[in-house]
Each structure stands twice: as C-alpha cells, then as structure tokens.
Amino acid sequence: MSVKRILIVEDEARMRKLVGDYLKKEGYEMLEAEDGKRGLEIFNEQENIDLVILDVMLPEYDGWTVCREIRKDSQVPIIMLTARGEESDELFGFDLGADEYVTKPFSPKILVARVNALLRRSDKTEKSIQSFEGLEIDAAGHHVSIDGKLIELSPKEYELLIYMVENEAKALEREQILNGVWGYDYFGDLRTVDTHIQRLRIKLGDKSQLIQTVRGVGYRFEVKK
C-alpha cells in the first residue's frame with residue numbers, strides 16, 4: 001500500500017510543525033506551504049496528494065480561494081482550519097466543497113482522527129453501478145448521473161447521498177445522519193443536515209422525491225416498488 005500524501009497550507013510555522021509531527025507518526029507523508037499561492041502551486045505540481053489541510057486566513061490567496069481552485073479539477077478531501085467558529089463561515093466552506101471544518105484551537109489527536117476517517121471513506125470504492133429510477137451512482141468513478149447526465153455534487157453532498165442509499169428505506173434521524181456523514185466528533189448544528197439535504201435535493205431535480213422527509217424524525221431514501 002502506498003504512503004498517503006497530505007498537503008498542509010498554513011502560514012504559522014508552529015502549527016504546520018505540530019500537525020505535521022502528529023500525522024507523520026501515523027505514517028503519512030507531509031507537504032507544506034506557508035501561503036495560499038504556494039499551496040496551489042504545490043498541489044498542481046505534485047501528483048497523488050490524498051488530502052489537503054487548509055487554513056482559511058492565509059497570505060496571498062486565502063483558504064476560500066484555494067479551496068475553490070482545487071475543486072475545479074479535483075475531489076481530493078479538504079479539511080478547513082479557522083480561528084472563527086461562525087455557522088455562516090462553516091456553511092460557506094461546505095458550499096465551496098470542503099469536507100470538514102475544524103475551529104482553532106483544536107486537539108491534534110482529533111484532527112488526526114478526522115484525517116483517518118476521511119481517507120478511509122475516500123478509499124471505499126465499489127465496482128458496481130447502483131441505479132434508482134434513473135439516478136445512477138458509480139462509486140468506483142465517484143460519479144452521479146441522472147438519466148445519463150452527470151451532475152456535480154460537492155464531496156459532502158456525495159457522502160450524504162451514499163449514506164442515504166446505504167440505509168435505503170430506513171427512517172434516519174438528523175443526529176444519525178450527522179454522525180454517519182460528519183462523524184461523532186463533529187460539533188456542528190443539526191441544521192447542517194437540513195441545509196445539505198436541501199442542496200442535494202435541488203441538484204437531484206425531479207429525482208429529489210427519492211429523499212423523503214419523515215415528519216418528526218428526519219429523512220429516508222426510498223424507491224417506489
């Protein structure tokens with residue numbers, strides 16, 4: 001098995017070293033950049049970067065810009081780091097395609113756990129294509145299409161859809177979904193689930209009825225028999 005490569009883009013040298021030391025102990029190879037411009041250069045120059053840890057407040061290009069540029073061509077997992085914990089910032093990050101959002105100060109061990117979980121999820125691929133009334137999910141290719149036409153989902157929207165499909169016909173509480181998709185150590189609001197469900201439904205168009213609202217409970221993915 002090849003060593004996973006992680007790029008950390010962080011202007012504080014102390015933080016880069018702290019995070020890097022913990023991740024190296026886990027067997028990861030680290031690449032570092034001190035500003036957003038250099039981070040993008042390294043990402044574009046290097047092959048096989050498996051995950052990006054990206055600070056929001058950076059010199060040159062900020063983290064939002066770097067995330068947006070990476071998402072134009074890549075679905076690599078991205079963890080955003082920020083000193084701000086406002087919900088609007090968090091939702092903005094998810095909207096740009098970030099997979100996780102970690103507020104400083106944080107436990108390096110928790111960050112490592114999130115890195116491990118994200119990489120495990122990204123490694124899970126299936127060869128078969130699942131089809132639900134014209135909605136097709138190609139897990140190996142990480143593609144979703146409707147009636148043969150590819151649709152663009154953010155990484156978190158894709159994970160949410162996969163989680164719903166894996167629990168087909170089950171009424172899932174919001175907290176279950178939050179834990180299953182974002183992880184048990186995620187400290188966000190349950191409204192995060194509603195926001196992502198709403199965005200996913202919009203992108204699914206006339207297939208949005210596959211995700212049903214279960215009054216007083218949460219949501220259910222169900223195909224008509």
Side-chain angles (χ1 to χ4, degrees), residues 51 67-68 70-72 74-80 86-102 114 117-225:
L51 183 141
C67 182
R68 187 183 295 110
I70 289 175
R71 278 291 171 260
K72 287 181 179 179
S74 173
Q75 294 300 313
V76 64
I78 296 176
I79 297 177
M80 303 290 291
E86 295 182 11
E87 181 182 313
S88 59
D89 284 350
E90 186 172 345
L91 293 176
F92 183 59
F94 287 138
D95 196 43
L96 288 177
D99 296 274
E100 294 285 357
Y101 199 95
V102 177
R114 293 194 179 190
L118 267 177
L119 289 174
R120 280 196 303 270
R121 291 202 292 269
S122 66
D123 282 343
K124 289 181 180 178
T125 58
E126 299 175 6
K127 294 182 179 179
S128 62
I129 296 178
Q130 296 175 282
S131 181
F132 308 91
E133 298 181 358
L135 170 67
E136 289 192 345
I137 302 172
D138 179 356
H142 216 75
H143 296 148
V144 177
S145 62
I146 294 177
D147 298 327
K149 183 178 180 180
L150 289 176
I151 62 172
E152 293 292 331
L153 298 181
S154 72
K156 194 58 66 177
E157 289 164 351
Y158 179 83
E159 286 184 42
L160 176 58
L161 178 60
I162 293 298
Y163 183 78
M164 298 295 293
V165 168
E166 288 175 345
N167 291 277
E168 182 183 355
K170 295 180 182 178
L172 300 169
E173 297 179 354
R174 289 172 175 81
E175 187 171 359
Q176 283 181 275
I177 298 172
L178 195 69
N179 291 336
V181 178
W182 281 266
Y184 286 93
D185 56 353
Y186 178 72
F187 296 107
D189 195 288
L190 290 178
R191 289 175 295 178
T192 296
V193 174
D194 295 328
T195 299
H196 280 75
I197 288 286
Q198 181 182 11
R199 291 173 179 166
L200 180 57
R201 280 172 164 167
I202 290 172
K203 293 185 177 182
L204 292 179
D206 61 3
K207 307 300 179 186
S208 61
Q209 77 275 3
L210 292 170
I211 300 178
Q212 303 175 0
T213 299
V214 182
R215 190 179 300 275
V217 180
Y219 301 96
R220 175 175 57 224
F221 183 90
E222 191 163 30
V223 180
K224 295 179 181 178
K225 302 301 182 182

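Note that the structure is predicted; figures quoted are calculated from it, not measured. Note: hydrogens, waters and symmetry copies are ignored here, and every other heavy atom, side chains too, is used.
The line from CD1 of I202 to CD1 of I151 is 12.0 Å long, rounded to the nearest 0.5 Å. Atom CZ of R201 is separated from atom CD of E157 by 13.5 Å, given to the nearest 0.5 angstrom. In this structure, CD1 in I211 is found 8.5 Å from CG in L135, a value given to the nearest 0.5 Å. Interatomic distance, CG of L51 versus CG of L119, reported as 5.0 Å (0.5 Å rounding). One distance of note links CD of Q176 with OH of Y163; it measures 5.5 Å at 0.5 Å rounding. A distance of 12.0 Å separates CG in L200 from CD in E159, rounded to the nearest 0.5 Å.
Closest approach of A98 to M80, counting heavy atoms only: CB-CG, 3.4 Å. Taking each heavy atom of R220 and A169 in turn, the nearest pair found is CD-O, 3.4 Å. Pairing each heavy atom of I177 with each of W182, the nearest pair is O-CE3, 4.0 Å. The two residues V102 and R114 come nearest to each other via the heavy atoms CG2-NH1, 3.4 Å. Across all their heavy atoms, S145 and G148 have their closest contact at CB-C, 4.1 Å.
Looking only at distances, a side-chain donor or acceptor of K207 sits under 3.5 Å from a matching main-chain atom of E133. Panel note: side chain D99, backbone I78; a donor-acceptor pair is recorded below 3.5 Å. A donor-acceptor pair under 3.5 Å is absent between the side-chain atoms of R174 and the main chain of D194, judged by distance alone. Between the side chain of T195 and the backbone N or O of R191, at least one donor-acceptor pair lies under 3.5 Å.
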Walk me through it: do V76 and R71 pass the test side chain to side chain contact (heavy atoms under 4.5 Å, CB included)?
CA-CA 8 Å; V76 64; R71 278 291 171 260; 4.1 Å; yes
Apply side chain to side chain contact (heavy atoms under 4.5 Å, CB included) to F221 and L210, showing your working.
CA-CA 5 Å; F221 183 90; L210 292 170; 3.8 Å; yes
Evaluate the side chain to side chain contact (heavy atoms under 4.5 Å, CB included) criterion for residues K203 and L161: first the C-alpha distance (whole Å), next the side-chain angles of each, then the deciding distance (0.1 Å), finally the verdict.
CA-CA 11 Å; K203 293 185 177 182; L161 178 60; over 6 Å; no
Please step through side chain to side chain contact (heavy atoms under 4.5 Å, CB included) for the pair Y101 and K156, ending with a clear verdict.
CA-CA 11 Å; Y101 199 95; K156 194 58 66 177; over 6 Å; no
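Looking at heavy atoms from C-beta onward, V214 lies out of side-chain contact with Y219 at the 4.5 angstrom threshold. The side-chain heavy atoms of Y158 and Q75, taken from C-beta on, include no pair separated by under 4.5 Å.
For Q209, the CD atom counts as densely surrounded, since its 6.0 Å shell holds more than 12 non-hydrogen atoms of other residues, nucleotides or ligands.
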